[in-house]
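Reviewing the structure listed below.
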Amino acid sequence: MRMNKRGQRAQVLPIMALLLIAFIGMLGLAIDVGRLFVAKTEFSRAVDAAALAGVVELPNIDAAQDKAVVYLDENLEEAVASFPATDEDYQLRVSATRSVDMFFMGIFGFDEVDISATATAGFGVPIDIVIVLDDTGTMRSGCNVEQTNSDCPIKQAKDASHAFVDDLLGDDPTGVLQIGVVRFRGCYADQRYNPVSGEDPDRGCVLFDEFQDLTTNKALLHAALDNAAGLGGFPGTNLCAGLDEGLNVVTDIDSRPNSHKVIVILSDGDNRYSDGAQNSSRGNPVPNVYPLPNNGGSGDCMPPSPDQDGTNYGNDYDDRIDEMDNRTYQKAMEIRGQSIEIYVAGYKVSGAATSAFCDTTTVTNVGGGSSRQAFSSPDDLRDRNLNKCIASSTAGTNDHHFEAPAPEDIPAVFDAIAESIAFRLIE
Amino acid sequence: MEMTLALPFFLVIIIGVIEVADAMNAYITVIDSARDGARLGSKNLATDDQIKNLVLVETDRLRDPVSLSDVTINHTTVDGVDAIRVEVCNDRTLLLDIPLVMPDTFRMCSETTMRVLSAGT
């Protein structure tokens, strides 16, 4: 009995020794696998940062890769980046690998394990974008006859839009992204109204057939942009109608049901209503003028309140403008309600820029009387506020609202909007 | 008799494994929160306070929650463009406090740097 007991007890140590090996194996699994998880998490973080930093530089692929390398290194020093091909032009895929030393697993022959991570930034889903350009007289102010000088607003707006189209569509558009072009003044019609003597015959309403529907064809887009000349004049400025036609183009037959839809509107926020296109004293009205409700349209963008001063244009800075601002805001909310993003490029909204956010009380105030809008400086506060309210900024920010105080600033604003559209992680 | 000798040894190993695994789990949360904070900052959408708040919400599940002073936000320039650097630290107490074997608390930090887009105005 005694011998037997001693023999049993003596077996504990060898069993412990065997168990120890198993324990170290468990330790190895727990710690080394844990280390791998940590390394993988750190790694995907660094690769995300690299892809996002690079994608903004597209279509310049060299600059994009350089930026990605710098930001990968900034976050994780030992990683080596590679750039696998992407499905679409406007995407940057960053892949990186490194080996992780194993503490315990080395016992079982795993000295180091390679891990890798990949991130792609750019467009994940089809995107349909419509550029809505202010084509009123304001945009021609300061231009020479050929509209080629650098402080010519319409020249800068066109240059900015051309670059926007080139940057986003890339050299070889694959169809993931489509762009359309709409211009706005005070009205849309099938034909011009009769210009008064001395007026440019191209003045008047923007014609419906002057829209460029969504396309990947850069030549068509450039041609449509070149049509803009800031002729404007008599028919006023109807931001609401511009947004509404932008909505029509971005949701029409050429848009994709699964696409992310974006409207980029260049506007000074300064609505002015004119019923001149109906005015019989000028040999008008022309038929089928939008936004009038008498052409089958809803009249959403036409102020219903009576003209207070009895004039058609130039002095109509009255309750109608309050109505116009409110209707423009309602139209923007209708568009945003359909998950369509609106970016606003505010041009020459005079007065100092403020960091204030959209004030919905002001924009929906149609009280008139002493609070009615004036065309001069007090109105500018409302113009800027209107622009901020149109933009689909995240609450508490103005991230979809940009301002160009001078014509030369417009390209930088369009560039920032293009970056913002592209600055998304796909995977 | 041998069991009495070996048991503490095994216990230390087991406790060690649990502590390390628990700490790694927490560290992954810290890394992710720094990443998400930097990502929010990179879109130029949020104030520093909002970014810190996001980090606090994401790390709320930790046993020793991250406090405001543990989150450092740096607006800097990397390679000529605006960048944001978010560092999140966590002072961690151990699950089982065994005096003299391991330190009571240790501090782990993670830092993420991302490029920042031009701001809306």
Side-chain angles (χ1 to χ4, degrees), chain A residues 9-13 15-16 19-20 23-24 26-27 29-31 33-35 37-38 40-42 44-46 48-50 52-57 66-67 69-71 74-75 343-344 346 353-355 388 391 393-394 396-403 412-413 415-417 419-420 423 425, chain B residues 1-7 9-14 16-47 49-50 76 78-86 108 110-121:
Chain A
R9 242 186 283 159
Q11 284 175 11
V12 172
L13 270 182
I15 290 173
M16 286 290 180
L19 273 177
L20 191 67
F23 263 63
I24 290 176
M26 281 170 55
L27 203 69
L29 272 176
I31 292 180
V33 171
R35 269 173 56 77
F37 269 108
V38 169
K40 179 84 180 172
T41 309
E42 285 183 312
S44 46
R45 170 209 60 169
D48 282 357
L52 282 169
V55 72
V56 174
E57 302 292 334
D66 286 350
K67 278 280 181 295
V69 166
V70 170
Y71 274 80
E74 189 69 29
N75 282 292
Y343 284 94
V344 176
T354 71
S355 56
K388 286 178 174 173
S393 299
T394 310
T397 76
N398 282 320
D399 63 310
H400 282 60
H401 174 259
F402 296 81
E403 274 191 41
V413 162
D415 201 34
I417 293 174
E419 287 182 2
S420 192
F423 195 63
L425 271 182
Chain B
M1 181 62 185
E2 290 91 339
M3 198 59 168
T4 349
L5 281 174
L7 199 61
F9 185 66
F10 279 108
L11 274 179
V12 167
I13 292 183
I14 290 171
V17 168
I18 294 173
E19 291 284 8
V20 169
D22 186 51
M24 281 178 174
N25 189 331
Y27 187 45
I28 288 178
T29 304
V30 170
I31 297 172
D32 279 341
S33 71
R35 181 239 180 249
D36 290 349
R39 176 74 179 120
L40 179 60
S42 75
K43 294 191 228 170
N44 222 331
L45 292 188
T47 63
D49 285 343
Q50 288 171 320
T76 175
V78 174
D79 198 25
V81 295
D82 289 342
I84 185 167
R85 183 170 291 145
V86 177
M108 53 194 190
S110 176
E111 183 183 273
T112 301
T113 308
M114 284 198 186
R115 178 176 186 166
V116 175
L117 275 191
S118 339
T121 46

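What you see below is based on every heavy atom in this structure, not just the backbone, and it leaves out hydrogens, waters and symmetry mates. Proteins come first, then strands; the chains are lettered A, B, ... in the order of their sequence lines, and each starts at number 1. Computed from a predicted model, the values in this text were never measured in an experiment.
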Measuring heavy-atom distances to chain A, does [X] have an atom under 4.5 Å in its side chain, in its backbone, in both, or in neither?
X: B:Val20; result: side chain
X: B:Ala83; result: both
X: B:Ile18; result: neither
X: B:Asp82; result: backbone

Contacting region of A:Val70 [heavy-atom separation from chain B under 4.5 Å]
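Only the side chain of A:Val70 comes within 4.5 Å of chain B.
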
A:Lys67 versus B:Val81: any side-chain heavy-atom pair under 4.5 Å?
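They are in side-chain contact.
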
Let me see the working for A:Leu52 and B:Met114 under side-chain contact (heavy atoms from CB on, under 4.5 Å), right down to the final yes or no.
CA-CA 8 Å; A:Leu52 282 169; B:Met114 284 198 186; 4.1 Å; yes

Excluding sequence neighbours, so at least two apart, what forms side-chain hydrogen bond (donor to acceptor under 3.5 Å, both in side chains) with A:Asp66?
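Scan of A:Asp66 (side-chain hydrogen bond (donor to acceptor under 3.5 Å, both in side chains), adjacent residues dropped) gives none.
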
Applying side-chain hydrogen bond (donor to acceptor under 3.5 Å, both in side chains), can you list everything that pairs with B:Ser33, at least two apart in sequence or on another chain?
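Checked B:Ser33 against side-chain hydrogen bond (donor to acceptor under 3.5 Å, both in side chains); zero matches.
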
Between B:Ile14, B:Ile31, B:Val17, which residue shows the highest count of heavy-atom pairs closer than 4.5 Å to chain A?
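Of the options given, most contacts go to B:Ile31.
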
With rounding to the nearest 0.5 angstrom, report the [atom1] to [atom2] distance, [X] to [Y].
X: B:Thr113; Y: A:Arg45; atom1: OG1; atom2: CZ; value: 8.0 Å
X: B:Glu19; Y: A:Ile31; atom1: CD; atom2: CD1; value: 11.5 Å
X: B:Arg115; Y: A:Glu57; atom1: CZ; atom2: CD; value: 4.5 Å

With no hydrogens and no angle check, is any side-chain donor or acceptor of A:Tyr71 less than 3.5 Å from a backbone partner on B:Asp79?
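No, because the side chain of A:Tyr71 does not come within donor-acceptor range (under 3.5 Å) of the backbone of B:Asp79.
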
Take B:Arg35 and A:Thr41 through the side-chain contact (heavy atoms from CB on, under 4.5 Å) test and state the conclusion after the steps.
CA-CA 10 Å; B:Arg35 181 239 180 249; A:Thr41 309; over 6 Å; no

